Every structure is written in C-alpha cells, then in structure tokens.
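As the structure lists them, so they are numbered: ligands from 1, and atoms in each ligand from 1. Computed from a prediction, not measured in an experiment: that's the story for all the values here.
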Amino acid sequence: MKNYDAAQTRSVTWDGERLFFLDQTRLPVDVIQEEQLDSEQVWDSIKKLKVRGAPAIGIAGAYGLVLGVRDHLDASEQEFLAKVRSQAAYLDSSRPTAVNLSWALKRMVARAEQTAVNGTQVIYQALKAEAVLIHEEDKLLCRGMGEHGLPLIREGMGILTHCNAGALATSELGTATAPMYLAHEQGIAFRVYADETRPLLQGARLTSWELQQAGIDVTLISDNMAASMMAEGLIDMVIVGTDRVAANGDVANKIGTMGVAILADYFGIPFYVACPSSTIDLATASGDLIEIEERGADEITFFGARRTGPEGIKVRNPAFDVTPNRLVTGLITEKGIIQAPYGENLKRIFS
Ligand code: MRU
C-alpha cells in the first residue's frame, strides 16, 4: 500500500492565496490536488463531487466566494457587496441538501456586511479571514465529536458505516470516523465495515481507502450485505454522518442510510449519527421539508464507463434519504451526545 502524507490527502487546502481540492472522483487510484482558479470551477467541483461531504463543501464554498469576488476590488463598496451576495447565491446553487454550504455562505455574507464602510480591500481581507475561520473551526468540531463519541467504542467491537463521513468529507478526522480515529490512536482494537454506497461508491472508494491508510481494520462490503453482517453478529454499532439534521432530529444522509437504520432497529443495534453544529438546521422543522438532490440518470445506468441499464430506461437517483428521528439512538455532536426528545434537546443546546 502506498503511503501519502497528510497534505496530499487533505480535502481542501488554502495557502493564503491559492485554493486546492483533492479530486475525490479519482480516488482511490489517483491522489491529485487540483487548483481551483475561480468560483465557476469551485461550483463545478462541488457539483461533480470532486469535493464532497457536508462540512467540506461548506469550507469549499467559503473559499470559492473569496475567489469569486477577488477581481472586483475596484468596484464601489455597494457593488462589491452585491457581488458577494450574488456569488454566495451562485455557489449555494451547486448542491441543495447539505446545510453546511448555505450555512458557511450566510456566514461569509454576514461578515462582509459587518465589515462594510471600510472599503472593498478591508471587506475582502475579512472574507478571507472568515473562510479560514470556518475551516479551522471545523477541525475543532471534528475533534469534539471524536471525544464525545470515543467512549462508545469498546475493544473488539464491529462498527458499520455508510458513505464517507471521514476526513475526506471534512477538514480532518471526519464526523462518523472521528471517534474511530481517536480510538485507534488509543490502541483500542475494533473492526469497521464500510458499505460500498451505490451509486457513487463513496464507501468503497473513500472510506475504506482512508481507514486503510490510517491502519484501521476495515472490511468493505456491498450495501446489500449489511443485513447479513448484522445477522452474523458482526455489527455492534452503526455510526454515520449527516448532511442536515432537522429541528425534530430527522436526519438526511446518503441514500441507503435509512435502510441501514431500519436494519439496525430490527437487529437491536444502536444507530448513531455524528453531526457538527454546522449541520443542524433548526430552521427546518422536520425531515420531509429537506430538499433532496436528484442526480443524473447516468450514475445509475452506467458502472464507470460500462452501460448497465437499457438505453431510455426510466431512472430515479435521489442522492440522500431521511432517517426518522425515532430510529436514531443518539446524535454525536461537539457538545456531547444528544438523545430524544430531539426537538427539545436540540433547541436547548443549539439555538
Ligand atoms: O454525496 P456526498 O458524497 O457529498 O454525500 C456525503 C454524505 O452523505 C456524508 O455522509 C455526509 O455529508 C456526512 S459528511 C461528514
């Protein structure tokens, strides 16, 4: 196995002036950092999942906004602020489900508005600082989830995860994987089962790759094997990430997550969702109000370059589903593990 240094495998890198994304569509075969030259390229990279995962697209969007306004410093302050707002709306249109993107862009616009009256250069510097802050804060959020989730992991345990809620989906450590990385650091031996996650294989291409890189015992399974692994008694706990948690605790995450939650419920296995506060959307009352991204038919009718469905076939391709709150054992947040009643507890801790 080839070993990469941390810088090569970081999802988002900002060197003060230049922005790079690890192109996740090319993993696990190629590890390529691709420079992002303008906000159009950032929009495209988010849309095509070169950068993906809820926290990572929030960070990516914030830096994308910096790139989108930097050629407009000669404009009047009002024109510059209008550009900030229109670029934020544009970047936000790249993907609808993960709330982190709009959360980060709203923060950027608010920072620009607060800094106004001091000239475009001052607003621009403030925007750069805010993007870096969002990026740095995410590292703390991941560590917080890791520390609160760590006591759940016991020696010898089997943990199932779905999609990639790992370091690649965040600034570092991941959300669902944060407790796993900390447990591994402490020498606790456990096994991870990574669902491959059809149709885009984030579990196979990303989760099993990054955990293998870290030396964690990981077994890759196809999605339809989860029930069988549970029936064999190999799974003691499920931990997944999320793209948006509604105010009542309903959880949107990668398509297939709800099925895993139903299986866990059937087999009496705890089902945890790791979520930083940036993913909690108290403005959305319940999961049925979350916009679910519908992606192109080719992701279903082709497996890589090979056609696997007949030409002209009707296709559905929702990228996410919503797990009802009653199937969630707990939300692992940077402020602790939150349990039902979610409506009450989320409001008390996060509003
Ligand atoms: O379509 P993706 O790959 O962006 O979907 C990502 C997920 O569903 C993750 O589980 C979620 O963003 C949590 S990331 C820490």
Q. Considering the options R111, Q125, Q114, which one meets the side chain to side chain donor-acceptor pair (under 3.5 Å) requirement together with E130?
A. R111
Please tabulate, line by line, the atom pairs linking an N/O of ligand 1 to a protein N/O at a distance below 3.5 Å, with the distance in Å to 0.1, or answer 'none'.
residue, atom, partner, partner atom, Å
ligand 1, 1 (O), R95, NH1, 3.4
ligand 1, 1 (O), R95, NH2, 2.8
ligand 1, 1 (O), K254, NZ, 2.8
ligand 1, 3 (O), R52, NE, 2.8
ligand 1, 3 (O), R52, NH2, 3.2
ligand 1, 3 (O), Q202, NE2, 2.9
ligand 1, 4 (O), G53, N, 3.0
ligand 1, 4 (O), R95, NH1, 2.8
ligand 1, 8 (O), D243, OD1, 2.9
ligand 1, 8 (O), N253, OD1, 3.1
ligand 1, 8 (O), K254, N, 3.3
ligand 1, 10 (O), N253, OD1, 2.7
ligand 1, 12 (O), A54, N, 2.9
ligand 1, 12 (O), D243, OD1, 3.3
ligand 1, 12 (O), D243, OD2, 2.9

**Q.** CG (D30) with more than 12 external heavy atoms under 6.0 Å
**A.** yes
Q) Under the ring pair (Phe, Tyr, Trp, His ring centres under 6.0 Å) rule, what pairs show up with a residue in residues 263-296, not counting sequence neighbours? A) none
For residues 140-161, please give each side-chain donor-acceptor pair under 3.5 Å, one per line with the distance, not counting sequence neighbours.
residue, atom, partner, partner atom, Å
H148, NE2, E334, O, 3.3
E155, OE1, A189, N, 3.2
T161, OG1, I239, O, 2.7

Q) So does R326 have more than 12 non-hydrogen atoms from other groups sitting under 6.0 Å from CZ? A) no
Q | Residue list, salt bridge (charged side-chain N to carboxylate O under 4.0 Å, His left out) with D44, at least two apart or on another chain | A | K48
